[in-house]
Amino acid sequence: MLPYINTPFEYAGSLTGASVDELKLIFSFLLSYPLAGLLKRIPDAKPYQKNLFIITVSLFYLVGLFDLWGGVRTIFISSFGAYVIASYVDGPFMPWIGFVFLMGHMSINHIYRQFANAPDKVDITGAQMVLVMKLTGFCWNVYDGRLRQEDLADFQKERALLNLPSLLDFAGYVLFFPSLFAGPSFDFVDYRRWIETTMFDVPPGTDPKTAPRTRKQRKIPRSGTPATMKAVFGLIWIFLFLKFSAWYNTNLVVGNEYMDYGFLRRIWILEMLGFSTRMKYYGVWYLTEGACILTGLGYKGIDPKSGRVQWSRLENVNPWGIETAQNTRAYLENWNKNTNNWLRNYMYLRVTPKGKKPGFRASLATFATSALWHGFYPGYYLSFVLAAFLQTVAKNFRRHVRPFFLTSDGQRPTKYKIYYDILSYLVTQAAFCFTTAPFVLLSLPSSLLVWSRVYFYTVLGTAASMAFFASPGKPWLIKQLNARSKAAKMDQQQRQQAQQQQQPPPRQPLSRESTAEEPIMGGGLPSDPGKELENAVQEIKEEVEAMRQKGVNVGMPTGQDMKAAVENKLGKKL
């Protein structure tokens, strides 16, 4: 650690109540912005200089700012081990060997941190958690590069590494300083495309007027404005966290004062405890994402609809999506997005045999990986287990209850849908503030104490819901939905038939004798059948008279003969 580096942070800590390490961590996030600006100005033709700059800054953070010599050793062991495994181990077990090695190494540090029990201290586990995501993905990318292209999905083809990167590029990827301590995580192919600037190639045929603006000879588009916006909102979230955490914290919910409030007020306090905790992550992830955007790594191309540059490649959280979530899926999809992507792409889909859909084994493996990745505090496992059951219950409600509030075709909401939306929002938020409380409290006694103080309402509600959907209630709902759908189809068919009957019959082509003033009616009959019959009889008389003049002795047909002659003229039966 640099001499006297702690002095300004000790003074700031005495004013704000934050720990020295927490303030230094925020300082490192803010310092990454001017350093990212310098990194962006290194010539595109000299990627090795960018790598060296990245490595130097990260070593300053680890050693000069936090005195984490042991952290440097940890990062070296994990990175060098993953690189060697990817280089020398062949066959389908290579990525799994890398996964076990990396997770096992991180588990040692998790256990050490848990026994040290110093939550205000910054250690290497946060950076190692990000590193594990990057390196396990790296092993899979190398493995995919050894397979035939026709055996790969589009996602695998895009990220497959046909050749191992140089040690300098690999070190730059591992130590990318804007995301060193808190993420976001990304695959090596993104880093390689960034450092080679191929990420910023403009598609052929792009109008120069809509192409991203750049400075001088750089290919990296201007990113100062979106990066600044992320920084501003990140600081706002951090400020709000400092204010709200003074009012809503773990001491409040485990203390005796908590029981002085009514049941609904206790639930509200749990909600605010979760909200204040989330604000810390919102702030941290916004700050780190903004620094990544400033370097250009957050670039995601041009929106084909608006023509604007997108900077959402490394977006890790959507606060609005979480705070307004009406169901479990929306809540989880907007939280820690890059970790969710890592779990899906490098665990959930990888344990599924080719040609089969992911099932229980894939879900179990993903749950276990997520739990181990976070550490060994009992609170994590309480939250994850309950969240897994919540997902199952939420799916059942969405499939078997929500359709009652939509039109029978499922395309439009009914007038009662607003009430379902409000209720589902309140239930989702109340369920998750209960479920995530152990994630904040960490210890088993504290978690169970707080849950008991609100009478285990989410556990009981989840159990009751699962019991209902395991009972005849679920088939009854399905039967009602089917009957509703069948009745709607019958009504639709009846309406269509009624409309067809009300519509005039299709117009027929005009006959030789008809004109536009004599429209043809149904069945091919003219508008005046008597007139047509009279004309046919007149024609027969004229033909008989003509034959008599030629000396042929014929008489005028009568009775059945006349009827047959008329029918022959008309071409139809009378």
Side-chain angles (χ1 to χ4, degrees), residues 21 25 62 66 68-86 89 93-140 142-143 173-175 179-185 187 281 335-336 338-348 350-351 361-388 436 438-447:
D21 273 15
L25 188 63
L62 292 168
F66 289 103
L68 290 174
W69 288 99
V72 174
R73 181 180 65 249
T74 293
I75 291 176
F76 175 78
I77 292 173
S78 288
S79 304
F80 183 73
Y83 194 88
V84 169
I85 290 171
V89 179
F93 294 107
M94 183 273 285
W96 296 113
I97 294 173
F99 173 82
V100 171
F101 165 73
L102 292 165
M103 291 291 288
H105 186 206
M106 183 177 64
S107 296
I108 295 173
N109 284 323
H110 273 315
I111 294 172
Y112 177 80
R113 176 177 174 80
Q114 189 166 337
F115 279 109
N117 194 26
D120 293 337
K121 290 287 184 181
V122 172
D123 67 356
I124 200 58
T125 53
Q128 194 175 12
M129 291 170 72
V130 178
L131 187 61
V132 165
M133 288 192 288
K134 295 167 77 171
L135 294 180
T136 51
F138 174 79
C139 290
W140 278 109
V142 172
Y143 171 72
Y173 168 65
V174 166
L175 293 171
S179 64
L180 178 65
F181 289 110
S185 171
D187 288 324
Y281 291 97
W335 173 261
N336 207 354
N338 288 287
T339 300
N340 289 335
N341 291 336
W342 169 67
L343 290 169
R344 181 179 64 252
N345 296 324
Y346 298 118
M347 177 54 62
Y348 185 71
R350 299 290 179 162
V351 299
R361 184 175 68 173
S363 299
L364 182 63
T366 304
F367 161 74
T369 300
S370 181
L372 290 173
W373 181 76
H374 281 88
F376 298 96
Y377 283 102
Y380 293 151
Y381 294 85
L382 288 177
S383 292
F384 279 120
V385 170
L386 184 53
T436 57
F439 204 91
V440 180
L441 297 164
L442 298 179
S443 70
L444 182 62
S446 297
S447 300

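The basis for the numbers below is simple: all heavy atoms, side chains too, and nothing from hydrogens, waters or symmetry mates. Note that the structure is predicted; figures quoted are calculated from it, not measured.
Taking CG from L135 and OG from S78, the interatomic distance works out to 6.5 Å, rounded to the nearest 0.5 Å. To the nearest 0.5 angstrom, S185 atom OG is 9.5 Å from N341 atom CG. How far CD1 of I75 is from NE2 of H105: 10.0 Å, rounded to the nearest 0.5 Å. The distance from atom CG of L131 to atom CG of L102, rounded to the nearest 0.5 Å, is 7.0 Å. Expressed to the nearest 0.5 Å, how far CE of M347 lies from OG of S370 amounts to 10.5 Å. The line from CD1 of I111 to CG of N109 is 9.5 Å long, rounded to the nearest 0.5 Å.
Contact of the T366 side chain with the Y346 side chain is not registered, since no non-hydrogen atoms from C-beta on lie closer than 4.5 Å. Counting heavy atoms from C-beta on, the side chains of T125 and T74 never come closer than 4.5 Å. Looking at T339 and M133, their side chains come closer than 4.5 Å, going by heavy atoms from C-beta outward. For the pair L25 and F181, the minimum side-chain heavy-atom distance is below 4.5 Å. When side chains are defined from C-beta on, D123 does not count as touching Q128, because their heavy atoms never get closer than 4.5 Å. Considering only heavy atoms from C-beta on, P378 stays 4.5 Å or farther from L442 through its side chain.
Applying the side chain to side chain contact (heavy atoms under 4.5 Å, CB included) rule to A371 yields the partners Y381, F384; only residues at least two apart in sequence or on another chain are considered. In terms of the ring-ring contact (aromatic ring centres under 6.0 Å, His included) criterion, residue partners of F80 (sequence neighbours excluded) are, by chain and number, F76. For the ring-ring contact (aromatic ring centres under 6.0 Å, His included) test, no residue two or more places apart in sequence or in another chain qualifies with F99.
Aromatic ring pairs are classed by plane angle as parallel below 30°, tilted from 30° to 60° and perpendicular above 60°; the pair Y380 and H374 is tilted. Between W335 and Y281, the ring-plane angle classifies as perpendicular under the 30° and 60° cut-offs.
Minimum heavy-atom separation, F367 to V385: CZ-CG2, 3.6 Å. Nearest heavy atom pair, residue A182 against residue V130, reads C-CG2, 3.8 Å. When all heavy atoms are compared, the tightest approach of I124 to G71 is CG1-CA, 3.5 Å. Across all their heavy atoms, M103 and L372 have their closest contact at CE-CB, 3.7 Å. The minimum heavy-atom distance between R113 and K121, with the atom names listed, is NH1-O, 3.3 Å. In plain terms, the two heavy atoms of F101 and G81 that are nearest each other are CE2-CA, 3.7 Å.
Remark: the S443 side chain and the S446 side chain contain an N/O donor-acceptor pair separated by less than 3.5 Å. For the residue pair Y348 and N340, no side-chain donor N or O sits within less than 3.5 Å of a side-chain acceptor on the partner. In this structure, a donor-acceptor pair under 3.5 Å is present between the side chains of W342 and T136.
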Exercise. Go through F439 and S447 one step at a time and tell me if the side chain to side chain contact (heavy atoms under 4.5 Å, CB included) criterion holds.
Key: CA-CA 8 Å; F439 204 91; S447 300; over 6 Å; no

Quiz item: side chain to side chain contact (heavy atoms under 4.5 Å, CB included) between V132 and W373: does it pass, once the steps are laid out?
Solution: CA-CA 9 Å; V132 165; W373 181 76; 4.2 Å; yes

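Note: W96 and W140 meet the aromatic proximity criterion, with ring centroids under 6.0 Å apart. Taking the ring centroids of Y143 and F93, they lie at or beyond the 6.0 Å cut-off.
D21 contributes a side-chain N or O that, together with a main-chain N or O of V122, makes up a donor-acceptor pair within less than 3.5 Å.
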